[in-house]
Amino acid sequence: MLDYNFDFDGVIPVVVQDYSTGEVLTLGYMNMGAYRKSIETGLMHYYSRSKDRIRMKGEVSGNIQKIHDVMVDCDGDSLLFMVDQKGSACHLGTRSCFRKIGTVEQGENIDYSMEVLLNLEELVNRTRHNPRPNSYTTELFNSGEENIRKKVGEEAVETVLAQGKERIIYETADLMYHLTVYLAYEGIKFSDIMNELSRRNKK
């Protein structure tokens, strides 16, 4: 656990900089909960103002930010984190969130953040614990494990038999949704899958 005792109220901006190169990677926000979690784990956690929740950077993508040092500005209302960045810092797949005005980098139109999957995972889990009327997800959970597995199998077959790009995309989306429900039923998170993939990648 890092030793950085610092208290603040509300939400403050945090600048994140690469410890080795000095490159500015991103600008995020923290509340006290996100700050404490970051210090306790040594890994960057951010507070989402729009979703009112704390999330670890790279919890799904694996692009974690390991904290080396923390500095506070002269007014005590913003922080600078020096980190070791694994992979890209930007959800668009680039090393840094910052780029020259008017330039376009490779992959800029592609969202690699998996934000959609995380939102789906959250919605599915919320529905599991708080069933909703006229909800297909609620019906799936109520149908039991055997039927959920059956649905995943059916969607997998439809995906591999699909013809054409658009149909493959459509069927894959169906498969990923049903797989998300199955994982939630089994108490498994996407982060568990990413950790396993990361472990295999090191072999």
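- Hydrophobic cluster membership is shared by Leu117 and Leu183, with clusters built from Ile, Leu, Val, Met, Phe, Trp and Tyr side chains linked at under 4.5 angstrom.
- With contacts defined as side-chain heavy-atom distances shorter than 4.5 Å, the pair Asp52/Tyr47 qualifies.
- In this structure, the side chain of Thr159 engages the main chain of Glu171 through a donor-acceptor pair within 3.5 Å.
- By the side chain to side chain contact (heavy atoms under 4.5 Å, CB included) test, Phe6 pairs with Phe8, Ile12, Tyr35, Val72, Leu79, sequence neighbours left out.
- No donor-acceptor pair under 3.5 Å is formed between the side chain of Arg95 and the backbone N or O of Leu25.
- The distance from atom OG1 of Thr180 to atom CD1 of Ile188, rounded to the nearest 0.5 Å, is 11.5 Å.
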Test side-chain hydrogen bond (donor to acceptor under 3.5 Å, both in side chains) applied to Thr137 and Tyr177, step by step: CA-CA 9 Å; Thr137 303; Tyr177 161 75; 2.7 Å; yes
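- The heavy-atom pair separating Lys66 from Leu43 by the smallest distance is CA-CD2, 3.9 Å.
- The cluster map of Ile, Leu, Val, Met, Phe, Trp and Tyr, joined by side-chain heavy atoms under 4.5 Å apart, puts Val16 and Met32 in the same cluster.
- Under the 3.5 Å distance criterion, the side-chain polar atoms of Asn147 are left unmatched by any main-chain donor or acceptor of Ser143.
- Counting heavy atoms from C-beta outward, Met82 and Met71 have side chains that approach closer than 4.5 Å.
- By the 4.0 Å N-to-carboxylate-O rule, Arg149 lies too far from Glu146 to be salt-bridged with it.
- Put simply, Phe190 and Leu123 are part of two different groups of oily side chains (I, L, V, M, F, W, Y) that touch within less than 4.5 Å, one to the next.
- Ile64 CD1 to Met56 CE: the interatomic distance, rounded to the nearest 0.5 Å, is 6.5 Å.
- Side chain of Ser96 to backbone of Val24: a donor-acceptor contact under 3.5 angstrom is found.
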Is there a side chain to side chain contact (heavy atoms under 4.5 Å, CB included) between Tyr46 and Arg55? Walk through the geometry before answering. CA-CA 5 Å; Tyr46 296 93; Arg55 179 173 294 166; 5.9 Å; no
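- Taken from CG in Asp192 to CD in Glu186, the straight-line distance is 12.0 Å, to the nearest 0.5 Å.
- With values rounded to the nearest 0.5 angstrom, Ile67 atom CD1 is found 5.5 Å from Met44 atom CE.
- Leu175 and Ile168 fall into different hydrophobic clusters, where Ile, Leu, Val, Met, Phe, Trp and Tyr are joined by side-chain heavy atoms under 4.5 Å apart, directly or via other members.
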Tell me, with the steps shown, if Val181 and Val152 meet side chain to side chain contact (heavy atoms under 4.5 Å, CB included). CA-CA 9 Å; Val181 173; Val152 172; over 6 Å; no
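- Between Glu121 and Lys189 there is a side-chain heavy-atom pair separated by less than 4.5 Å.
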Taking it one step at a time, do Glu139 and Asn142 satisfy side chain to side chain contact (heavy atoms under 4.5 Å, CB included)? CA-CA 5 Å; Glu139 291 179 10; Asn142 290 339; 5.7 Å; no
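- Minimum heavy-atom separation, Thr26 to Cys97: OG1-SG, 3.3 Å.
- Across Ala184 and Val124, no two heavy atoms sit closer than the pair CB-CG1, 3.7 Å.
- Under the 3.5 Å distance criterion, the side-chain polar atoms of Lys57 are matched with a main-chain donor or acceptor of Ala89.
- Contact detail for Arg167 and Gln163: the closest heavy-atom pair is CB-O, 3.2 Å.
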ring-ring contact (aromatic ring centres under 6.0 Å, His included), that's the test. Do Tyr136 and His178 meet it? Break it down for me. CA-CA 11 Å; Tyr136 177 64; His178 285 88; 5.8 Å; yes
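- For the pair Arg49 and Tyr29, the cation-pi test (distance below 6.0 Å, angle within 45°) is passed.
- Under the 4.5 Å side-chain heavy-atom criterion for ILVMFWY residues, a single connected hydrophobic cluster contains both Tyr19 and Phe98.
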Hey, mind stepping through Thr94 and Arg99 against side-chain hydrogen bond (donor to acceptor under 3.5 Å, both in side chains) and telling me if it holds? CA-CA 9 Å; Thr94 53; Arg99 67 229 41 215; 3.0 Å; yes
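- For the pair Tyr4 and Arg36, the minimum side-chain heavy-atom distance is 4.5 Å or more.
- Remark: the backbone N or O of Ser191 is paired with a side-chain donor or acceptor of Asn195 at under 3.5 angstrom.
- The distance from the CG atom of Asn130 to the OG atom of Ser135 is 11.0 Å, given to the nearest 0.5 Å.
- When atom types are taken as modelled, the side chain of Thr138 and the backbone of Arg132 share a donor-acceptor pair closer than 3.5 angstrom.
- Looking at Glu145, its side chain never comes within 3.5 Å of a backbone N or O of Ile148 through a donor-acceptor pair.
- Think of Val160 as one node in a network of Ile, Leu, Val, Met, Phe, Trp and Tyr side chains linked at under 4.5 Å; its network also takes in Val157, Leu161.
- Judged by distance alone, the side chain of Asn31 and the main-chain N or O of Gly33 form a donor-acceptor pair under 3.5 Å.
- Note: Asn125 CG to Leu120 CG = 9.5 Å, rounded to the nearest 0.5 Å.
- Between Leu80 and Val14, every side-chain heavy-atom pair lies at or beyond the 4.5 Å cut-off.
- In this structure a side-chain-to-backbone donor-acceptor pair under 3.5 Å is missing from Gln17 to Val83.
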